Amino acid sequence: MNKVKPRVLPGFMELLPQDQILFNTMYDKIRKVYEKFGFLPLDTPTIEYSEVLLAKAGGETEKQIYSFNKGETDLSLRFDLTVPLARYVSQRYADITFPFKRYQMSKVFRGERPQKGRFREFYQCDIDVIGADNLDLIYDAEMPAVIYNVFKELNFGKFTIKINNRKILNGFFKYLELSNKVSDILRIIDKIDKIGKDTVKEELLKIDINVDNVDKILEFIAIDGSNEEIITKLKNIPIKAEMYLQGVDELEQVILNLAEFGVEAKYYKIDLTIARGLDYYTGSVYETVLDELPKLGSICSGGRYDNLTEYYTNQKLPGIGISIGLTRLFSQLKEQNIISSEKKSLTKVLVLPMENVNIKYALKVASMLRQKQINTDIYYTSKNLKQKIKYADKLGIEYVAIIGEEEENSKTVMIKNMINGKQEKVSCDIAEIIKKIK
RNA sequence: GUGGAUAUAGCACAGUUGGUUAGCGCGCCAGUUUGUGGCACUGGAGGUCAUGGGUUCGAAUCCCAUUUUCCACCCCA
């Protein structure tokens with residue numbers, strides 16, 4: 001009989017248990033920090049009506065979305081968690097308490113060519129705050145504060161949260177009378193870290209911006225210094241457009257507030273080249289990089305969007321959010337050996353009943369341990385003791401509880417420490433057993 | 001969508017100008033040890049050499065096509 005070759009689609013990450021344990025550890029750490037800041041869990045459907053997901057989309061997003069039909073219905077797999085959130089708050093406006101803070105950590109799907117660090121199915125770990133009518137500027141500082149706490153907790157080394165404000169860029173481009181090319185310009189300057197100043201200049205010239213303005217743009221986004229110095233320089237530029245002034249003002253507030261959130265100053269930095277490709281951002285924008293691994297690019301990004309729900313409702317529901325691409329982050333850090341899998345099992349004690357032993361006794365021992373919240377497994381398969389112990393060894397299980405005829409008759413358990421090889425017979429009493437495995 | 005590579009055992013690979021029965025390592029199974037793992041030794045299973053066609057006395061090796069996967073661009077997490 002011809003066998004079907006077992007395989008998974010390219011761009012879909014699938015892990016061995018030891019890697020999955022590591023992945024889940026990261027996932028749990030992120031979730032805990034999100035919850036610590038008051039974000040509520042949300043789980044929207046993986047599949048939505050195409051018209052809902054595509055309400056706003058266009059261009060690249062639309063090309064990359066997985067769509068299909070079931071009967072008469074046009075369906076699509078979600079390609080991010082932000083659009084479903086916009087749908088959710090628009091739909092459930094009456095039942096939600098605002099400001100609505102939610103987190104969602106789930107898989108999203110994008111039908112693009114997979115490559116290094118680029119998946120077609122991947123986890124996004126999002127937090128967003130949605131306000132009714134307005135959303136206080138304090139949240140623009142809370143977002144990076146949460147990021148700071150997450151990456152401190154994950155402990156991958158020094159990182160920098162780069163902060164900018166779209167209003168500053170938009171105001172500046174308006175001042176140069178380039179308003180009709182804003183999204184192209186943003187996309188190009190956003191790549192400056194990757195492609196360099198000269199290529200950015202070339203590309204800007206290519207979209208018909210005159211040399212004079214190209215130089216002004218490059219000069220503007222190159223403004224550098226301490227956060228305070230950058231703010232001062234921005235204020236000294238004689239642009240009177242309200243949007244620009246408002247952007248500078250917001251950015252200044254965010255920087256001031258961040259200190260109040262207890263974020264160490266060296267972990268955040270104003271960077272005027274941060275533009276973000278997505279065009280729905282309207283205010284603060286963020287990108288986070290690991291200082292030691294700049295090649296990974298942004299490991300967490302987001303920003304403020306004021307109009308994302310306009311396709312679903314007349315209610316004004318401004319929001320702000322950030323997203324960690326966990327699948328990419330995990331795969332890249334694993335490849336760079338920044339993180340490595342240590343545990344192959346979550347079992348603390350493996351109970352090994354010998355042949356001829358009444359299984360009831362083994363089950364009783366396991367139950368006692370489980371009642372004390374100790375992860376316990378029993379090896380049921382009929383094999384010799386050597387193989388059973390080998391199983392524990394291969395999975396890195398710390399303790400085995402050997403139960404043979406001797407133990408059963410004397411109501412004892414042989415507890416063996418697999419790390420140092422020592423073993424000792426103790427009476428079948430949970431307190432005695434716990435003493436041995438602590 | 002554009003460009004460049006790749007394909008040999010479960011995994012990672014070697015395989016000479018084309019030459020008998022395609023190899024090594026890891027992993028897997030068993031034994032040396034029937035109540036004790038890691039180490040060592042011994043043995044074993046596992047391959048239509050991606051697929052199809054061509055050249056040749058003879059193809060994993062050369063040619064063509066298809067497929068696959070990877071890398072880069074675009075875009076993005």
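Quick note on labels: first sequence line is chain A, next is B, and so on, each numbered from 1. Just so it is clear, the structure is predicted and the values come from calculations on it, not from any experiment.
Residue contacts for A:K191: at a heavy-atom cut-off of 4.0 Å it reaches the sugar-phosphate backbone alone, with no base atom in range. Using a 4.0 Å heavy-atom distance criterion, A:T327 is classed as making no nucleic acid contact. Here A:F119 lies in heavy-atom contact (under 4.0 Å) with a base. Residue-level contact check: A:G421 touches the bases, meaning some heavy atom is under 4.0 Å from a base atom. Within 4.0 Å (heavy atoms only), A:L329 reaches no atom of the nucleic acid at all. At the heavy-atom level, A:E407 lies under 4.0 Å from base atoms of the strands shown. Using a 4.0 Å heavy-atom criterion, one finds that A:K386 contacts the bases of the nucleic acid, with or without backbone contacts as well.
Taking the P atoms as reference points, B:rA59 lies 11 Å from B:rU21, given to the whole Å. If you take atom C1' in B:rC62 and the same atom in B:rC49, they sit 16 Å apart, rounded to whole Å. Taking atom P in both B:rG52 and B:rA60, the straight-line distance is 13 Å, to the nearest Å. For the C1' atom pair drawn from B:rA7 and B:rC73, the interatomic distance equals 24 Å after rounding to whole Å. Annotation: B:rU16 and B:rC11 have their C1' atoms spaced 26 Å apart (nearest Å). Taking the C1' atom of each, B:rU8 and B:rG25 are spaced 15 Å apart, rounded to whole Å. Annotation: B:rU61 and B:rG18 have their C1' atoms spaced 6 Å apart (nearest Å). Comparing the C1' positions of B:rG27 and B:rU66 gives a spacing of 33 Å, expressed to the nearest Å.
Relative to the side chain of A:R113, the nucleotides B:rG1, B:rC71, B:rG35 differ in distance, and B:rG1 lies closest. Closest approach to the A:P114 side chain among B:rU33, B:rC70, B:rC76 is made by B:rC70 (side chain taken as heavy atoms from C-beta onward). Counting only heavy atoms from C-beta on, A:E112 has its side chain closest to B:rA77 among B:rG35, B:rC28, B:rA77. Comparing atom distances between the A:L385 side chain and each of B:rC73, B:rU36, B:rC28 picks out B:rU36 as nearest. For A:M418, counting side-chain heavy atoms from C-beta on, the closest listed nucleotide (B:rG37, B:rC74, B:rG35) is B:rG37.
In the interface, the side chain of A:R118 is paired with the base of B:rC75 through a donor and an acceptor atom under 3.5 Å apart. One cannot find a donor-acceptor pair under 3.5 Å joining the base of B:rU34 and the side-chain atoms of A:E355. Remark: the A:R328 side chain and the B:rC76 base include a donor-acceptor N/O pair separated by less than 3.5 Å.
Dashed line: the shortest gap from a side-chain N or O of A:K63 to OP1 or OP2 of B:rC74 is not under 4.0 Å. Taking side-chain N and O atoms only, A:K388 has no distance below 4.0 Å to OP1 or OP2 of B:rG35. In this model, the phosphate group of B:rC75 is not approached by any side-chain N or O of A:R110 to a distance below 4.0 Å at OP1 or OP2. The phosphate of B:rA30 has OP1 or OP2 within less than 4.0 Å of a side-chain N or O from A:Q387. Applying the 4.0 Å criterion to OP1 and OP2 of B:rA77, one finds that A:Q124 has every side-chain N and O outside that range. For A:K194 and B:rC73, the shortest distance from a side-chain N or O to OP1 or OP2 is below 4.0 Å. Within the structure, every side-chain polar atom (N or O) of A:K383 is placed at least 4.0 Å from both OP1 and OP2 of B:rU34.
Between A:Y305 and A:Y280, the angle of the ring planes goes over 60°, which puts this pair in the perpendicular group of the 30/60° scheme.
Atom NZ in A:K422 sits roughly 20 Å away from atom P in B:rU36 (whole-Å rounding). Distance A:L293 CG to B:rA77 C1': 16 Å, rounded to the nearest Å. Between the OH atom of A:Y123 and the P atom of B:rA77 there is a distance of 19 Å, given to the nearest Å. Spacing between atom CZ of A:R7 and atom C1' of B:rA7 amounts to 14 Å, rounded to whole angstrom units. In this entry the distance linking NZ of A:K390 with P of B:rU36 reads 14 Å, nearest Å. Rounded to whole Å, atom C1' of B:rC39 lies 16 Å from atom CD1 of A:I389. The interatomic distance linking A:Q115 (CD) with B:rC74 (P) rounds to 10 Å, in whole Å. Distance, A:I403 CD1 to B:rU36 P: 17 Å, rounded to whole Å.
Across all strands shown, B:rC13 forms a Watson-Crick or G-U wobble pair, both distances under 3.5 Å, with B:rG23.
Ion pair A:D429/A:K435 not flagged as a salt bridge, since none of the NZ, NE, NH1 or NH2 atoms sits closer than 4.0 Å to an Asp/Glu carboxylate oxygen. The residues A:E35 and A:K32 are annotated as not salt-bridged, no charged nitrogen and carboxylate oxygen being separated by less than 4.0 angstrom. Classification of A:K152 and A:E264 as a salt-bridged pair holds, one side-chain N sitting under 4.0 Å from a carboxylate O. Using a 4.0 Å cut-off between charged nitrogen and carboxylate oxygen, A:K390 and A:D393 do not count as a salt-bridge pair.
With respect to A:D74, the side-chain contact (heavy atoms from CB on, under 4.5 Å) criterion is satisfied by exactly one of A:L54, A:V52, A:N69, A:L53: A:N69.
Across the interface with RNA chain B, nearest-nucleotide mapping of A:G11 and A:M414 shows A:M414 to be the residue nearer the 5′ end.
Counted within 6.0 Å of NZ on A:K181, heavy atoms from surrounding residues, nucleotides or ligands total more than 12; the atom is thus considered enclosed. Counted within 6.0 Å of NZ on A:K372, heavy atoms from surrounding residues, nucleotides or ligands total 12 or fewer; the atom is thus considered open.
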